[in-house]
Protein chains: 2
Amino acid sequence: MAARTPDTDLSDTASRLRNAIVRTSRALRQEAAGESGLSPTQTAVLASISRSGLVTPSELARLERVKRPTMTRTLACLEREGLIERTPDPADGRSSLVAINEAGRERLARLRRRKSAYLASRLRKLDPEEVETLSRAAELLDRMREDERP
Amino acid sequence: MAARTPDTDLSDTASRLRNAIVRTSRALRQEAAGESGLSPTQTAVLASISRSGLVTPSELARLERVKRPTMTRTLACLEREGLIERTPDPADGRSSLVAINEAGRERLARLRRRKSAYLASRLRKLDPEEVETLSRAAELLDRMREDERP
DNA sequence: TAGGCTAATTACCTGAGCTAACTTTCATAT
DNA sequence: ATATGAAAGTTAGCTCAGGTAATTAGCCTA
C-alpha cells in the first residue's frame with residue numbers, strides 16, 4: 001500500500017499550489033488584455049461552445065461552474081463581438097441554443113496559436129519531462145474539481 | 001540527448017494548462033468568498049509581506065506583478081482589517097514600510113489551515129505520487145514566471 | 001536651485017464573479 | 001382546463017481586482 005502523505009505536507013503543497021495558481025492566473029489575464037481582445041474567461045467560454053456544438057446558456061454556466069447571470073453577460077459580450085450565434089431552442093421556448101460561428105472559429109484558432117504563446121514560450125524553456133509534469137498537473141487540477149456537486 | 005518536444009504538443013499542453021488554471025483560480029476565489037474574509041489576492045499579498053519582513057508598497061507591487069495603484073488598494077484593505085502596520089521609511093520620505101502584525105500572523109496561520117483545506121481535501125483523494133506531481137507543478141509555474149522582466 | 005525622476009495616492013473605467021427579483025415558459029396536479 | 005410551482009433567461013445592483021491618467025510629495029543631479 002502507498003505511504004500516507006502527512007496532512008502537514010498536504011497543507012504546504014496546497015498553499016504553494018494555491019499561490020502559484022493565483023499568480024499565474026493573474027499573469028494570464030494581463031497577457032490577454034494586451035494581445036487578443038478576449039479575456040481568459042471569454043476564451044474559455046468560446047472554447048466550451050466550440051467543443052459543445054449547440055448548447056444552452058444554462059449548460060454552459062454549469063460547464064464553466066459559473067452562475068447563469070454571469071454567463072448571460074459573457075455571452076452578450078461574445079455576441080457583440082460577432083463570434084457566436086443564437087437560435088431559439090425548438091424544444092423549449094424559454095431557452096436558446098448557442099453556437100460558434102466562422103468568425104469565432106477563426107478567432108479561436110488564432111487565439112490558440114497566439115495566446116498559448118505566453119505559456120508555450122515558457123514551456124519551451126523547460127525539459128520535456130517538466131512539460132510532462134505540467135501536462136499531468138493540468139489533468140489532475142481538472143479531475144480534482146470534478147467531484148464538486150454544489 | 002532528450003527528444004525535442006514538438007511545438008504542437010507544447011501548444012496543446014499550454015492550452016489545457018491555461019484552462020485548468022483559469023477554472024481552478026475561479027473555484028478558489030469562490031471558496032475564499034465564503035470562508036475567510038480574505039480573497040486569494042489579499043491572502044497572497046499578506047503572505048508576501050510576511051515573507052518579506054519590512055517592505056515598501058512598490059516592492060510588493062513588483063513581487064506580486066501588479067501595478068502600484070492596485071497594491072495601494074489591497075494594502076488599504078489589509079490595514080482596515082488591522083492585519084498590517086505601516087511606518088514611515090526613514091530612508092525615503094515618499095515611501096512607507098509595511099509589516100505584518102500579530103493579528104496578521106494569526107490570521108495567516110488560520111488561513112493556511114482553513115483555506116488550504118479546499119485544495120488539501122482534494123489532494124487527500126489523490127495518490128502520493130499525484131500530489132508530488134502537483135507540488136512540482138507549483139514550483140515549475142513559479143519558475144516559469146520568474147524570467148519575466150517587463 | 002531648477003528640472004526631472006520616483007513613490008504613493010486618488011479618481012475613474014472595465015471585467016467578472018455574486019445575489020435578488022422579474023418575466024416567460026414549461027410541467028404537473030387537481 | 002386551469003392554477004400552481006419550477007426552471008431558463010435576463011436585469012439590476014453589489015463587490016473585488018485589475019488597469020490608466022493625473023496629482024502630490026519627496027529625492028537627486030546638473
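Order of the sequence lines sets the chain letters (A, B, ...), proteins ahead of strands, with each chain counted from 1.
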Treat primed atoms plus P, OP1 and OP2 as sugar-phosphate and everything else as base, then score nucleotides 23-30 of chain D 5' to 3': B for base contact with protein heavy atoms under 4.0 Å, S for sugar-phosphate contact only, - for none.
-> --BBS---
Salt bridge (Lys or Arg N to Asp or Glu O under 4.0 Å) contacts touching residues 50-59 of chain A (sequence neighbours left out) = A/Glu59-A/Arg62
Would you kindly give the CG-to-P distance between A/Leu75 and C/dG15, to the nearest whole Å?
-> 15 Å
Main-chain N/O of A/Glu64 paired with B/Arg26 side-chain donor or acceptor, under 3.5 Å = yes
Can a side chain N or O of B/Arg62 be found less than 4.0 Å away from OP1 or OP2 on C/dA7?
-> no
For A/Asp89 and C/dT24, what is the distance between atoms CG and P respectively, to the nearest whole Å?
-> 19 Å
Rounded distance in Å - CG (B/Leu28) to P (C/dG17) | 14 Å
Could you list the residues that satisfy side chain to side chain contact (heavy atoms under 4.5 Å, CB included) with B/Glu85, not counting sequence neighbours?
-> B/Asn101
By side-chain hydrogen bond (donor to acceptor under 3.5 Å, both in side chains), B/Ser135 pairs with (sequence neighbours left out) A/Arg16
N or O in side chain of A/Ser96 less than 4.0 angstrom from D/dA8 OP1/OP2 | no
Can you check nucleotides 18-20 of chain D for protein contacts, nitrogen or oxygen pairs under 3.5 Å, and list what you find?
unit_1, atom_1, unit_2, atom_2, d
D/dG18, OP1, A/Arg26, NE, 2.8
D/dG18, N7, B/Arg73, NH2, 2.6
D/dG18, O6, B/Arg73, NH2, 3.0
D/dG19, OP2, B/Lys67, N, 3.1
D/dG19, OP2, B/Thr70, OG1, 2.9

Would you be so kind as to tabulate the donor-acceptor pairs closer than 3.5 Å made by side chains of residues 66-76 of chain B, with sequence neighbours excluded?
unit_1, atom_1, unit_2, atom_2, d
B/Thr72, OG1, B/Arg68, O, 3.2
B/Thr74, OG1, B/Thr70, O, 3.1

Sequence neighbours excluded, which residues qualify as side-chain hydrogen bond (donor to acceptor under 3.5 Å, both in side chains) partners of B/Ser15?
-> none
Would you mind reading off the distance between A/Glu64 atom CD and C/dG15 atom C1', rounded to a whole angstrom?
-> 15 Å
Under 4.0 Å: is that the gap between some side-chain N or O of B/Thr72 and OP1 or OP2 of C/dA8?
-> no
Backbone N/O of A/Asp127 and side chain of A/Glu130: donor-acceptor pair under 3.5 Å | yes
With sequence neighbours left out, what residues match B/Thr56 under side-chain hydrogen bond (donor to acceptor under 3.5 Å, both in side chains)?
-> none
Atom CG of A/Leu60 and atom C1' of D/dT10: how far apart are they, to the nearest Å?
-> 16 Å
Would you kindly give the CE-to-P distance between B/Met71 and C/dT6, to the nearest whole Å?
-> 20 Å
Scan B/Ser95 against the nucleic acid and name what it touches under 4.0 Å (heavy atoms): base, sugar-phosphate only, or nothing.
-> sugar-phosphate
Set of side-chain hydrogen bond (donor to acceptor under 3.5 Å, both in side chains) partners for A/Arg136, sequence neighbours left out | B/Glu129, B/Thr133
